Amino acid sequence: MAGKCTLASVLGLSLVFSLFQNPLTVCGQSIPAVALFTFGDSNFDAGNKQTLTQVNVAQGFWPYGKSRDDPNGKFSDGFIAPDFVATFMGIPIPIPAALKLGVNVSRGASFAVADATLLGAPVQSLTLYQQITKFNEMKAANWNDDFINRSLFMIYIGANDYLNFTKNNPNADASAQQAFVTSVTNQLKNDISFLYASGARKFMIQTLAPLGCFPIVRQDYRTGMEQCYEPLNNLAIQHNEKIGPMLNEMAITSPGFQFTVFDFYNVILRRITPQRSLSYRFLATNVSCCGIGTHTAYGCGLPNVHSKLCSYQRSYLFFDGRHNTEKAQESFGHLIFGADPNVIQPMNIRELVTYPAGEPMREMWLPTTSTTVQASDSRSSTSRGYHLY
């Protein structure tokens with residue numbers, strides 16, 4: 001089958017990879033047989049929270065997994081973005097939760113855990129440093145150094161640090177906010193360096209979403225339907241602005257270090273802009289599909305909460321108060337794997353995993369003004385050509 005390219009298969013693959021830049025091939029792509037490892041919080045959690053905690057978590061029960069009839073601990077109605085990235089990489093098995101016993105980790109694993117932070121000691125969760133420590137404990141028995149060098153490491157973390165900081169320090173001034181952002185991003189750099197020392201060489205770092213636009217944040221801070229909670233958005237912007245320069249420096253000082261940055265902040269922001277959400281076929285972007293409250297954002301799946309469930313989750317951007325529907329997750333997977341530098345730079349994942357291991361990067365991350373786009377203003381994002389992303 002691998003050697004036969006029918007017209008239907010070529011057309012189908014052309015559609016799937018229509019966002020790709022300079023494709024190597026269309027039929028029979030030369031994607032290397034490597035692994036995918038994910039680290040971070042609930043966005044990338046493949047079921048570790050369900051294993052780590054001593055109580056039943058809502059994500060292990062319906063309506064989570066509703067679209068796949070499989071509530072397996074993922075924070076969505078179905079698959080999450082790394083599942084789609086793994087499929088596009090040709091990985092034939094689901095990326096398992098690393099903390100579950102007896103799973104097949106031959107092509108990677110998820111070490112991400114819901115409620116994870118960079119700083120502090122999260123309850124019934126793991127910091128990024130602790131997740132990397134778990135990876136090191138499993139490394140010798142499962143993967144050799146060359147395989148790890150060529151594999152992909154995806155990281156999304158930091159949201160819980162800023163959500164907790166804002167809740168605990170509602171009156172923090174600008175200097176206190178800046179100091180906290182510096183502490184968080186310094187720890188992120190240290191942890192990435194730890195992962196690099198553990199053998200990782202190919203990194204995808206995802207910028208933080210506009211945290212103040214989560215339905216649960218709008219609900220908790222009573223912003224109404226049209227406004228986001230800007231103090232949290234401002235923290236996310238400050239955090240995101242440090243990521244690219246930090247990784248550029250690491251690529252220069254650390255031999256073989258290769259990376260890319262996925263602009264998740266603006267991917268979400270463009271989809272919640274009222275004038276543009278319909279372009280992505282989302283009818284509801286400021287409320288959740290599942291939950292209770294003004295934004296239907298609290299308590300999805302909790303046994304003691306009579307949460308509401310939307311009739312058609314594919315029309316919603318958010319499934320619960322802060323996590324996206326499978327439809328949205330699939331679009332993120334496509335963007336991560338094959339979009340152009342408006343979304344992910346200096347290269348997409350397809351280019352990163354095929355880039356020769358050990359070689360210095362020919363391009364670096366370049367600063368843009370995209371992080372200053374406001375949710376209420378779609379004109380600035382449109383002018384930068386983001387209408388396809």
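In this text the structure is predicted, and so the values were computed from the model without any measurement. Residue numbers start at 1 and run along the sequence shown. Heavy-atom basis, side chains included; hydrogens, waters and symmetry copies ignored.
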- Does the side chain of Asp191 come within less than 4.5 Å of Ile157's, by heavy atoms? no
Donor-acceptor check, side chain of Ser331 to backbone of Ala328, threshold 3.5 angstrom: yes or no?
yes
Check: Is any NZ, NE, NH1 or NH2 atom of the basic residue among Asp45 and Lys74 found under 4.0 Å from an Asp or Glu carboxylate oxygen of the other?
Finding: no
Q: Would you kindly confirm whether Phe264 and Ile237 end up in one hydrophobic cluster when ILVMFWY residues are joined by side chain heavy atoms under 4.5 Å apart?
A: yes
Exercise. Look at Lys189 together with Glu249 and state whether they make a salt bridge at an N to O cut-off of under 4.0 Å.
Key: yes
Residues Gln313 and Thr325: side-chain donor-acceptor under 3.5 angstrom: no
Counting only heavy atoms not in Lys139, do more than 12 sit closer than 6.0 Å to its NZ atom? yes
Here the gap from Leu195 atom CG to Ser193 atom OG, rounded to the nearest 0.5 Å, amounts to 9.5 Å
Between Ala159 and Leu211, the two heavy atoms sitting closest are CB-CD2, 3.7 Å
ask   = Centres of the Phe180 and Tyr162 rings: under 6.0 Å?
value = yes
Next on the checklist: Is it true that Ser288 and Thr296 share a donor-acceptor pair across their side chains at a distance under 3.5 Å?
Outcome noted: no
request  = Would you check if the side chain of Arg107 reaches a backbone N or O of Val34 as a donor-acceptor pair within less than 3.5 Å?
outcome  = yes
- Is any side-chain heavy atom of Met204 less than 4.5 Å from a side-chain heavy atom of Ile349? yes
**Within the 6.0 Å centroid threshold, strictly below: Phe318 and His295** = no
**Prompt:** Can you tell if the side chain of Val287 reaches within under 4.5 Å of the side chain of Gln219, non-hydrogen atoms only?
**Reply:** no
request  = Might you confirm whether atom CG of Asp173 has over 12 heavy atoms from other residues, nucleotides or ligands at distances under 6.0 Å?
outcome  = yes
Worksheet item: Do Thr260 and Gln345 get their side chains close enough for a donor-acceptor pair, meaning under 3.5 Å?
Response: no
Distance col, row Asp161:CG vs Leu118:CG, nearest 0.5 angstrom, shows 5.0 Å
In short, Thr166 meets Leu235 closest at the heavy-atom pair OG1-CD1, 3.4 Å
Rounded to the nearest 0.5 angstrom, the NZ-CG distance for Lys134 and Leu126 is 6.5 Å
Does any non-hydrogen side-chain atom of Pro215 lie less than 4.5 Å from one of Asn286?
-> no
ask   = Is there a chain of hydrophobic side chains (I, L, V, M, F, W, Y, each step under 4.5 Å between heavy atoms) that links Met89 to Ile80?
value = no
Output field: ring centroids Phe203/Phe259 closer than 6.0 Å = no
Assess the cysteine pair Cys228 / Cys213: is their SG-SG separation shorter than 2.5 Å? yes
Indicate, with yes or no, if Val305 and Ile216 share a hydrophobic cluster defined by side-chain heavy-atom contacts under 4.5 Å among Ile, Leu, Val, Met, Phe, Trp and Tyr.
yes
For Pro122, the side chain to side chain contact (heavy atoms under 4.5 Å, CB included) test, sequence neighbours excluded, returns Thr117, Ser125, Thr127
>> According to a hydrophobic-cluster definition based on side-chain heavy atoms being under 4.5 Å apart (Ile, Leu, Val, Met, Phe, Trp, Tyr only), do Leu352 and Ile252 belong together?
In response: yes
Here the gap from Ile344 atom CD1 to Glu351 atom CD, rounded to the nearest 0.5 Å, amounts to 9.0 Å
Output for pair (Leu99 CG, Asn48 CG), nearest 0.5 Å, gives 4.0 Å
Measure the shortest side-chain to side-chain distance between Met154 and Leu36 over non-hydrogen atoms and say whether it is less than 4.5 angstrom. yes
Margin query: So that I can tick it off, tell me whether Asp77 and Lys327 are bridged by a salt bridge, with the cut-off set at under 4.0 angstrom between side-chain N and carboxylate O.
Written below: no
Distance col, row Ile93:CD1 vs Ile91:CD1, nearest 0.5 angstrom, shows 8.0 Å
**OP:** Check whether any side-chain N or O of Ser151 sits under 3.5 Å from a backbone N or O of Ala35 as a donor-acceptor pair, and report yes or no.
**Re:** yes
Aromatic contact between Phe135 and Phe153, with the criterion being ring centroids under 6.0 Å apart: yes or no? yes
Scanning both residues in full, the closest heavy-atom pair of Arg218 with Gly224 reads CD-O, 4.2 Å
Could you check, using the six-membered ring where one of them is a Trp, whether Tyr156 and Phe39 have ring centers closer than 6.0 angstrom?
no
query = Are any of the side-chain heavy atoms of Tyr355 and Gln258 separated by less than 4.5 Å?
reply = yes
Check whether Trp62 reaches the backbone of Gly301 with its side chain - one donor and one acceptor, N or O, closer than 3.5 Å. no
In short, Arg270 meets Val343 closest at the heavy-atom pair NH2-CG2, 4.3 Å
We want to know whether Asn266 and Asp263 form a side-chain donor-acceptor pair, criterion being a heavy-atom distance below 3.5 angstrom. yes
Heavy atoms of Ala46 and Pro96 approach each other most closely as CB-C, 4.3 Å
Per ring-ring contact (aromatic ring centres under 6.0 Å, His included), Phe319 is matched among Tyr64, Tyr312, Phe75 by Tyr64
Grouping I, L, V, M, F, W and Y whenever their side-chain heavy atoms are under 4.5 Å apart, do Tyr221 and Ile268 come out in a common cluster? yes
So Glu326 and Ser76, side-chain hydrogen bond (donor to acceptor under 3.5 Å, both in side chains) or not? Walk me through it. CA-CA 6 Å; Glu326 182 186 81; Ser76 181; over 6 Å; no
Under a 3.5 Å threshold, yes or no: a donor from one side chain and an acceptor from the other, between Asp41 and Asn43?
yes
Gln329 and Ala81 have their tightest heavy-atom pair at OE1-N, 3.0 Å
Contacts of Asp70 meeting side chain to side chain contact (heavy atoms under 4.5 Å, CB included) (sequence neighbours excluded), chain-then-number -> Arg68, Asn72
Within the structure provided, determine whether Val181 and Glu241 are in side-chain contact (heavy-atom separation under 4.5 Å).
no
*asked:* Could you check whether Phe282 and Tyr316 have their ring centres less than 6.0 Å apart?
replied: no
The ring-ring contact (aromatic ring centres under 6.0 Å, His included) partners of Tyr298 (sequence neighbours excluded) come to none
**Asked** If only atom types and distance count, is the side chain of Gln177 paired as donor or acceptor with the main-chain N or O of Ala172 below 3.5 Å?
**Response** yes
With a 4.5 Å limit on heavy-atom distance, are the side chains of Pro82 and Ile95 in contact?
no
> Is the closest side-chain donor-acceptor distance between Thr185 and His239 under 3.5 Å?
Replying inline: no
Is a donor on one side and an acceptor on the other found under 3.5 Å between the side chain of Asn149 and the backbone of Arg201?
-> no
